[in-house]
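Worksheet for the structure shown next.
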2 protein chains.
Amino acid sequence: MVSNSDNSNEQEDFPQEINGLRMTRQRREVYRSLMAKRVHPTAQDVFLDVKDKLPQISLATVYNCLEALTQHGIIRQVHFDRESCRYCPNLHEHGHFHDQSTGKILDVAFKPGIRLEDFLDLPPGTTVSNIEFTLRGTIVTH
Amino acid sequence: MVSNSDNSNEQEDFPQEINGLRMTRQRREVYRSLMAKRVHPTAQDVFLDVKDKLPQISLATVYNCLEALTQHGIIRQVHFDRESCRYCPNLHEHGHFHDQSTGKILDVAFKPGIRLEDFLDLPPGTTVSNIEFTLRGTIVTH
DNA sequence: TCAGAAATCAAGAATGATTCTTATTTTTAT
DNA sequence: ATAAAAATAAGAATCATTCTTGATTTCTGA
Ligand SMILES: [Mn+2]
Ligand SMILES: [Mn+2]
Ligand SMILES: [Zn+2]
Ligand SMILES: [Zn+2]
């Protein structure tokens, strides 16, 4: 690893720590990229984007950062079949709509107050700790 | 490939073709394995199971069969994060509940008559062609 | 019936996303 | 300031899946 004398962690307008996870420069830029664009990027997408700010960052570190942020509940992984994982900074309960014409991925919220038992035939005794909901299709604009 | 003089496709009690897909011995045994067990196996699981009946079958052929069956709408792929794909012969609209204690995967149906707009805030103009949802959790038996 | 043509299969190589390993650097705690 | 802990960069390893190739089987149409 090449020494980087300008690698301090000091940063205005940004917490030094989130959910008990120390915000290093790499983690902060990864998180910032997700928050700024909100396009559900892959690790590779994030890597390319963050390289503008931290040219020496490695793809492995981007994976490490995304994993750390995920484990601390700061971001979420999103899966579409077996494609590369995507990442989402929206922590509200939501699913994803994949527009097959544009490739865009949109957040889809549940109706307020709705519960799983309202629309699913769950086996009795079920305790659900995690939901992943994916839709595919198209959107016609007027 | 070793020649197999007993490789005929004749079989009682089974159609020679489903949805326009010719049922070769390999495809039939793969499909039979899925229908008999209904445990959402991986390709590797199917491979091990079908080898009892067709000892010379290859993993590549199991993948080919699963792909062909999927493309012809005879079975469905099921995804859990980036784990190995699993396969499901239940063609009704349904999602999956992954019991984290037992590892078992259960089919979960929608309540009859429910529509997406009843529980999701879909963007206007949305046409949904495919739904995939996955739940994780535990089941307590009385 | 029989000779292509087309489809399928087996085996192993290639691919690609992700994880792992290791040496180095940075941060934290004393 | 020093030692321990945590984080990073670089590249190797892993693993599910796809691809390639040559053999085999099935189909089609004289
Ligand atoms: Mn950029
Ligand atoms: Mn078996
Ligand atoms: Zn999202
Ligand atoms: Zn199923």
Side-chain angles (χ1 to χ4, degrees), chain A residues 1-11 15-18 20-31 40-48 50-51 53-72 74 77-87, chain B residues 1-11 15-31 40-48 50-51 53-72 77-87:
Chain A
M1 190 188 335
V2 172
S3 175
N4 183 345
S5 55
D6 184 19
N7 200 31
S8 87
N9 192 28
E10 281 134 50
Q11 178 68 28
Q16 291 293 116
E17 185 172 309
I18 301 180
L21 181 69
R22 178 153 47 94
M23 282 295 108
T24 63
R25 290 176 73 213
Q26 290 85 349
R27 287 173 185 163
R28 177 166 42 248
E29 292 308 326
V30 164
Y31 184 54
H40 302 87
T42 64
Q44 185 67 222
D45 293 336
V46 174
F47 176 53
L48 293 177
V50 169
K51 269 212 287 206
K53 210 57 171 305
L54 304 177
Q56 82 292 2
I57 199 171
S58 71
L59 178 58
T61 294
V62 171
Y63 271 107
N64 289 342
C65 291
L66 291 167
E67 169 70 10
L69 292 164
T70 301
Q71 287 310 311
H72 285 75
I74 303 167
Q77 278 193 338
V78 178
H79 304 98
F80 293 93
D81 300 351
R82 302 204 87 249
E83 293 171 16
S84 306
C85 287
R86 294 174 177 275
Y87 297 86
Chain B
M1 191 192 335
V2 172
S3 175
N4 183 344
S5 56
D6 184 19
N7 200 30
S8 88
N9 191 28
E10 281 134 48
Q11 177 70 29
Q16 291 292 117
E17 185 172 309
I18 301 179
N19 288 5
L21 181 68
R22 178 153 48 95
M23 282 294 109
T24 62
R25 289 176 73 211
Q26 290 86 347
R27 287 172 185 163
R28 178 166 39 248
E29 292 307 325
V30 165
Y31 184 52
H40 302 88
T42 63
Q44 184 68 222
D45 294 335
V46 174
F47 176 53
L48 294 177
V50 169
K51 268 212 286 205
K53 210 59 171 305
L54 303 178
Q56 82 293 1
I57 198 170
S58 71
L59 178 60
T61 294
V62 171
Y63 270 107
N64 288 342
C65 291
L66 291 167
E67 169 71 11
L69 291 165
T70 301
Q71 287 310 312
H72 285 75
Q77 280 193 336
V78 178
H79 304 98
F80 293 92
D81 300 351
R82 301 203 89 248
E83 293 171 16
S84 306
C85 287
R86 293 174 177 276
Y87 296 86

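Lettering of chains follows the sequences in order, A, B, ..., and the numbering in each one begins at 1.
The side-chain contact (heavy atoms from CB on, under 4.5 Å) check on Ser58(A) picks up Ala60(A), Thr61(A), with sequence neighbours excluded. In this structure, the side-chain contact (heavy atoms from CB on, under 4.5 Å) partners of Ser84(B), at least two apart in sequence or on a different chain, are Thr42(B). Applying the side-chain contact (heavy atoms from CB on, under 4.5 Å) rule to Phe47(A) yields the partners Gln44(A), Lys51(A), Ile57(A), Leu59(A), Val62(A); only residues at least two apart in sequence or on another chain are considered. In this structure Glu83(A) satisfies the side-chain hydrogen bond (donor to acceptor under 3.5 Å, both in side chains) test with no other residue, sequence neighbours excluded. Residues passing the side-chain hydrogen bond (donor to acceptor under 3.5 Å, both in side chains) test with Tyr31(A): none are found, sequence neighbours excluded. For His79(A), there are no ring-ring contact (aromatic ring centres under 6.0 Å, His included) partners at least two apart in sequence or on another chain. Here Glu67(B) pairs with Gln71(B) under the side-chain hydrogen bond (donor to acceptor under 3.5 Å, both in side chains) rule; sequence neighbours left out.
When distances run from any side-chain atom of Cys65(B) to the nucleotides dC9(C), dT26(D), dA6(D), the shortest one goes to dC9(C).
When the side-chain nitrogen and oxygen atoms of Gln26(B) are compared with OP1 and OP2 of dT25(D), none of them lie within a distance under 4.0 Å. Thr24(A) has a side-chain polar atom (N or O) that falls below the 4.0 Å cut-off from OP1 or OP2 of dT8(D). Within the 4.0 Å cut-off from OP1 or OP2 of dA10(C), at least one side-chain nitrogen or oxygen of Ser58(B) is found. Taking 4.0 angstrom as the limit, Arg22(A) places none of its side-chain polar atoms (N or O) nearer than this to OP1 or OP2 of dT27(C).
Between Arg27(A) atom CZ and dA6(D) atom P the separation is 11 Å, expressed in whole Å. The separation between Met23(B) atom CE and dT26(D) atom C1' is 15 Å, rounded to whole Å. Across the protein-nucleic acid pair, Leu21(A) atom CG and dT27(C) atom P stand 14 Å apart, rounded to whole Å. In this structure, the CZ atom of Arg25(B) is 16 Å from the P atom of dT24(D), given to the nearest Å. dA17(C) atom P lies 7 Å from atom CD of Gln44(A), rounded to whole Å. Across the protein-nucleic acid pair, Phe47(A) atom CZ and dG11(D) atom P stand 11 Å apart, rounded to whole Å. Computed from coordinates, the Ile57(A) CD1 to dT25(C) P distance equals 17 Å when rounded to whole Å. Whole-Å rounding puts the Gln56(A) CD to dG11(D) P distance at 15 Å.
Rounded to 10 degrees, the angle between the two end axes of the helix from dT1(C)-dA30(D) to dT30(C)-dA1(D) is 30°, with five pairs used at each end.
Side-chain contact between Arg28(A) and Val50(A): absent, with no pair of heavy atoms (C-beta onward) separated by less than 4.5 Å.
Taking 4.0 Å as the cut-off between side-chain N and carboxylate O, Lys53(A) and Glu29(A) count as a salt-bridged pair.
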Is there any protein nitrogen or oxygen under 3.5 Å from a nitrogen or oxygen in nucleotides 18-22 of chain C, and what are the pairs?
| residue | atom | partner | partner atom | Å |
| --- | --- | --- | --- | --- |
| dT18(C) | OP1 | Cys85(A) | N | 2.7 |
| dT18(C) | OP1 | Arg82(B) | NE | 3.3 |
| dT18(C) | OP2 | Tyr63(A) | OH | 2.4 |

